[in-house]
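So the structure is just underneath, and the comments pick up after that.
So that the names make sense, note that chain A is the first sequence line, chain B the second, and so on, each numbered from 1.
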Amino acid sequence: GQQLNQSPQSMFIQEGEDVSMNCTSSSIFNTWLWYKQDPGEGPVLLIALYKAGELTSNGRLTAQFGITRKDSFLNISASIPSDVGIYFCAGQPANTGNQFYFGTGTSLTVIP
Amino acid sequence: GAGVSQSPRYKVAKRGQDVALRCDPISGHVSLFWYQQALGQGPEFLTYFQNEAQLDKSGLPSDRFFAERPEGSVSTLKIQRTQQEDSAVYLCASSLLEHSPLHFGNGTRLTVT
């Protein structure tokens, strides 16, 4: 399947700091999604992106669909303890059906 | 229901047993997906339905894995003659339309002993 490289693999930050993570693919994607997963639960959708260059916000979260259509970025501003969890990117390749491929995840720890 | 519902939440099977995992998607959602998530990894695609039609099963790891969605709503993922390497969380997701975002259930954690 498609390889999505997500980085960093893990982050340890102080409460109040901003966070950035990104995802890159080897091929062009039509859609990028960002999810958060807490232990024992399924991934929860944070932001969906459909167009190259699109910048979308959801509260303190902002995500961008890269212009090359091969990458996406997620920023979290002013982190709080409940931001702890694993963040996944997911992408839907162009011309290969309806499935979404997932990155390997970024584990975020927020230190109060 | 309000979200995707999966049952059971936990399943322990002895190696060689057959298991069946159930998924109730969000009402009205056309597409349904099954993913496998190993510990510390991202979800890996298994198979996808549009209504009752299984349009892609390229991610199923072997012919021991079988999925169905006979009436275009509830889906069952069946694993025959389970092996230890089948131990994982099996996630079901549904989407309203083709290319819409996926909404996940909380998964079934399968442990094969």
Side-chain angles (χ1 to χ4, degrees), chain A residues 1-10 21-25 29-51 54 56 58 61 63 65 72 74 85-108, chain B residues 2-10 21 23-26 29-51 53-61 67 88-109 111:
Chain A
Q2 292 280 344
Q3 287 281 346
L4 288 188
N5 297 310
Q6 189 171 346
S7 64
Q9 189 173 17
S10 62
M21 60 190 79
N22 70 81
C23 206
T24 60
S25 69
F29 278 25
N30 281 340
T31 303
W32 284 99
L33 307 175
W34 284 93
Y35 287 87
K36 179 175 183 276
Q37 187 173 29
D38 292 328
E41 298 184 7
V44 174
L45 181 69
L46 299 174
I47 293 180
L49 302 160
Y50 300 102
K51 191 175 168 184
E54 180 181 352
T56 296
N58 178 8
L61 278 62
F65 193 139
S72 181
L74 176 70
I86 301 179
Y87 291 79
F88 290 101
C89 61
Q92 188 175 59
N95 305 320
T96 58
N98 200 31
Q99 61 171 287
F100 284 86
Y101 294 95
F102 280 75
T104 50
T106 295
S107 175
L108 178 64
Chain B
V4 177
S5 178
Q6 291 187 246
S7 61
R9 285 282 275 134
Y10 303 93
L21 313 180
C23 173
D24 281 271
I26 294 172
H29 277 201
V30 167
S31 300
L32 185 146
F33 299 75
W34 284 99
Y35 281 82
Q36 181 189 59
Q37 187 174 26
L39 191 63
Q41 302 294 317
E44 294 276 347
F45 171 80
L46 294 177
T47 186
Y48 150 65
F49 292 84
Q50 186 169 317
N51 296 307
Q54 189 174 20
L55 299 186
D56 187 344
K57 53 182 181 179
S58 62
L60 296 176
V89 174
Y90 290 85
L91 293 165
C92 176
S94 68
S95 67
L96 180 61
L97 300 169
E98 196 174 12
H99 306 300
S100 298
L102 307 183
H103 297 271
F104 283 87
N106 284 329
T108 294
R109 180 177 295 279
T111 303

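Residue B:Gln37 touches chain A through its side chain alone, counting heavy-atom pairs closer than 4.5 Å. In this structure, chain A has a heavy atom under 4.5 Å from the side chain of B:Arg9, while its backbone stays farther away. Only the side chain of A:Gln37 comes within contact range of chain B, with heavy atoms under 4.5 Å apart.
Residues A:Gln99 and B:Phe33 approach most closely at CA-CE2, 4.0 Å, considering heavy atoms. Taking both residues in full, the closest heavy atoms of A:Leu45 and B:Pro101 are given as CD2-CB, 3.6 Å, listed atom of the first, atom of the second, then distance.
For B:Gln54, the side chain to side chain donor-acceptor pair (under 3.5 Å) partners are B:Thr47, not counting sequence neighbours. Every side-chain contact (heavy atoms from CB on, under 4.5 Å) that B:Ser7 has, sequence neighbours left out, goes to B:Arg22.
Taking A:Ala48, A:Gly105, A:Gly40 one by one and counting their heavy-atom pairs under 4.5 Å with chain B, the maximum is reached by A:Gly40.
The side-chain heavy atoms of B:His99 and A:Asn30, taken from C-beta on, include no pair separated by under 4.5 Å. Proximity of A:Pro43 to B:Leu102: side-chain heavy atoms (C-beta onward) are nowhere separated by under 4.5 Å.
Here CZ of A:Phe102 is found 13.5 Å from CD of B:Gln41. Values are rounded to the nearest 0.5 Å. Going from atom CZ of B:Phe104 over to atom CD of A:Glu41 covers 13.5 Å, rounded to the nearest 0.5 Å.
You'll find the ring centres of B:Tyr35 and A:Phe100 outside the 6.0 Å limit.
Around atom CD of B:Glu44, no more than 12 heavy atoms belonging to other residues, nucleotides or ligands sit under 6.0 Å away.
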